[in-house]
Enquirer: 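Just passing along the structure, written as structure tokens.
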Number of protein chains: 2
Amino acid sequence: MKNEKEVFDMNFKNFIPGQSVDCVIIGYDQHELHILVLKWKGLDVWALPGGFVEKNEDLSTAATHILKERTGLNFSYLEQFYTFGDVDRRKKEELEIKLGNSVFFTEERMKWFLQRFISTSYLGLVDMDKCDLKPDLLSDLCVWKPLKEMPILIFDHNEMVQKAVSHIKVQVNYLPIGISLLPKKFTMKSFQLLYEAILNKSLDRGNFQRKMLKLGILNRLEKQLTGAANKAPYLYSFNKEKYKELLDKGIGFIN
Amino acid sequence: MKNEKEVFDMNFKNFIPGQSVDCVIIGYDQHELHILVLKWKGLDVWALPGGFVEKNEDLSTAATHILKERTGLNFSYLEQFYTFGDVDRRKKEELEIKLGNSVFFTEERMKWFLQRFISTSYLGLVDMDKCDLKPDLLSDLCVWKPLKEMPILIFDHNEMVQKAVSHIKVQVNYLPIGISLLPKKFTMKSFQLLYEAILNKSLDRGNFQRKMLKLGILNRLEKQLTGAANKAPYLYSFNKEKYKELLDKGIGFIN
DNA sequence: ACAAAAGTGTTTATAATACACCCATGA
DNA sequence: TCATGGGTGTATTATAAACACTTTTGT
């Protein structure tokens with residue numbers, strides 16, 4: 001287990017200088033998209049999960065590695081989507097003030113954090129329920145925030161979130177949206193609401209249902225009695241083989 | 001003008017260590033896509049145009065800057081598409097042998113070239129006729145090669161080309177294909193052949209023509225008498241405003 | 001019996017596809 | 001006048017979109 005002492009033993013000699021990785025991890029709950037964020041220790045500073053790249057590890061391995069530490073999972077969908085490389089993407093002065101108070105930030109460590117970083121961003125899609133969240137050494141909170149209630153994030157992290165969200169919107173027919181974000185069993189309604197949350201528009205219930213059934217990616221399971229005074233919906237699971245086949249061919253789920 | 005002396009004066013202290021930029025520049029001629037490549041001085045080594053990033057320049061500025069030097073142009077379409085960050089993407093041993101013979105590669109320079117580099121790749125689309133090609137300091141040739149006759153490129157550069165080409169295929173409806181790759185005046189036939197080259201499949205002539213005309217992105221100009229024993233085709237130019245408007249909305253050119 | 005939401009059906013509009021037809025051109 | 005390729009027309013099919021009808025559930 002990591003502890004306070006480890007934080008103070010932390011050093012950066014095994015990392016590539018100037019290169020970082022940040023992750024926009026998207027989950028879905030209560031009909032809303034959520035983003036995984038961290039709060040820095042003792043500060044009102046929010047940031048995306050991220051880290052540095054070890055000298056002997058691939059960029060993608062670094063992302064996998066960072067997310068394994070934060071969520072306990074190996075992500076089934078994790079893909080690089082953009083590299084942020086502007087000179088002034090980390091506002092040095094702002095950062096210096098924020099870090100200045102902490103005992104952790106010795107002069108040497110300060111120097112590391114104040115250098116120019118080029119950050120490659122990864123997009124992950126995950127079933128929130130499967131995650132076992134743990135803050136990193138510099139943070140005291142690691143939580144899901146609804147996309148619509150995003151706090152102000154440090155540096156260009158809000159831009160990263162925006163870019164990732166518009167990415168899944170554009171690429172909606174080529175990404176394993178349902179299979180990554182929904183639990184094993186789900187209703188057609190929640191499947192539809194997921195697409196509506198991503199596309200930010202309402203879809204016709206009848207047409208959605210017919211289209212998804214016609215694609216052959218769903219297994220119809222038992223009915224789910226909800227206790228409400230209406231017809232019980234079926235539960236569905238994904239036919240993974242068929243789903244992946246369609247994704248590879250790039251067949252459209254939604255127009 | 002750059003000359004041999006300048007090569008020997010070249011040093012790397014103004015560059016960010018470990019970070020490079022490579023460019024997949026796509027042109028279109030004789031019904032085929034072409035890629036801009038360089039041949040290293042005195043060696044049978046081919047590579048994409050690329051370079052390093054100055055300490056005080058943005059990543060995108062570095063790409064713009066590199067291409068200005070190679071082609072004399074400021075690209076109207078130039079976009080980052082992937083960052084290659086595997087530990088062993090540059091095969092050190094191979095590189096060491098290739099560079100070992102050159103007088104340019106002093107120990108210090110060798111050390112620079114043999115470090116691990118993370119390379120961010122940019123995709124550019126350009127009218128080949130507008131380019132005024134110039135090799136870089138390490139190369140003696142800077143030429144267009146037809147995509148179907150790509151030489152073996154150094155490192156992972158062939159992978160970069162493949163990734164860029166499949167990127168434009170997938171993104172075909174969102175990229176300024178015609179306006180970037182065709183000359184000012186062109187025939188409907190050459191416009192169609194361009195899409196066929198990208199999509200690698202044949203399209204129906206009548207339907208293509210009707211669709212493009214209906215989109216309202218084309219201005220019909222004078223007829224072009226080719227000298228051939230058949231009806232003379234019209235020349236067209238692009239209605240740039242309408243074209244960009246459609247691109248922004250993401251309206252489909254081709255299915 | 002009623003409201004509410006699920007599941008399915010039907011109609012209409014729009015777009016994709018295939019191919020046919022006529023026209024201009026130079027030998 | 002013939003072959004060739006360009007421009008346009010049309011019939012067929014497939015898909016999207018809108019909405020209506022029926023079924024199931026608990027009160």
Enquirer: Go through the structure and list residues passing salt bridge (charged side-chain N to carboxylate O under 4.0 Å, His left out) with A:E241, not counting sequence neighbours.
Expert: none
Enquirer: Relative to the 5' end of DNA chain D, which residue comes earlier, B:A229 or B:L235, by the nucleotide with the nearest heavy atom?
Expert: B:A229
Enquirer: How do A:Y236 and B:T226 order along DNA chain C: which one's closest nucleotide is nearer the 5' end?
Expert: A:Y236
Enquirer: With sequence neighbours excluded, what pairs up with B:Q224 under the side chain to side chain contact (heavy atoms under 4.5 Å, CB included) test?
Expert: B:T187, B:T226, B:P233, B:L235
Enquirer: Listed by chain and number, what are the side-chain hydrogen bond (donor to acceptor under 3.5 Å, both in side chains) partners of A:Y234, not counting sequence neighbours?
Expert: none
Enquirer: Could you tell me whether the side chain of B:L221 reaches within less than 4.5 Å of the side chain of B:S237, counting heavy atoms only?
Expert: yes
Enquirer: Hey, are A:E222 and A:K185 close enough for a salt bridge, meaning a charged N less than 4.0 Å from a carboxylate O?
Expert: yes
Enquirer: By side chain to side chain contact (heavy atoms under 4.5 Å, CB included), which residues pair with B:K184, not counting sequence neighbours?
Expert: none
Enquirer: Taking any atom under 4.0 angstrom from a heavy atom of chain B, which nucleotides of DNA chain D are the first and last to qualify, 5' to 3'?
Expert: D:dA3 to D:dT10
Enquirer: Is the distance from OP1 or OP2 of C:dA15 to the nearest side-chain N or O of B:K211 less than 4.0 Å?
Expert: no
Enquirer: Pairs in or reaching into residues 188-202 of chain B: which pass salt bridge (charged side-chain N to carboxylate O under 4.0 Å, His left out), with residues at least two apart or in two chains?
Expert: none
Enquirer: Quick one: side chain to side chain contact (heavy atoms under 4.5 Å, CB included) partners of A:S139, sequence neighbours excluded?
Expert: A:L38, A:W40, A:P135, A:D136
Enquirer: Would you please name every residue forming a side chain to side chain contact (heavy atoms under 4.5 Å, CB included) with A:D140, sequence neighbours left out?
Expert: A:K39, A:K41
Enquirer: I'd like to check the ring-ring contact (aromatic ring centres under 6.0 Å, His included) partners of A:Y236; sequence neighbours left out, ordered by chain and number.
Expert: none
Enquirer: Under the salt bridge (charged side-chain N to carboxylate O under 4.0 Å, His left out) rule, collect the residues that match up with B:E149, sequence neighbours excluded.
Expert: none
Enquirer: Can you give me the N/O atom pairs linking the protein to nucleotides 19-21 of chain C at distances under 3.5 Å, or say none if there are none?
Expert:
{"residue": "C:dC19", "atom": "N4", "partner": "B:D204", "partner atom": "OD1", "Å": "3.4"}

Enquirer: Starting from P on C:dA6, measure out to NZ on A:K223 and report it in whole angstrom.
Expert: 12 Å
Enquirer: Please determine if a side-chain N or O atom of A:Q209 lies less than 4.0 Å away from the OP1 or OP2 oxygen of C:dT8.
Expert: yes
Enquirer: Of the residues in residues 181-203 of chain A, which ones touch DNA chain D at a heavy-atom distance under 4.0 Å?
Expert: none
Enquirer: Atom CG of A:L225 and atom C1' of C:dA5: how far apart are they, to the nearest Å?
Expert: 14 Å
Enquirer: Find the distance A:K231:NZ to C:dA6:P and express it as a whole number of Å.
Expert: 10 Å
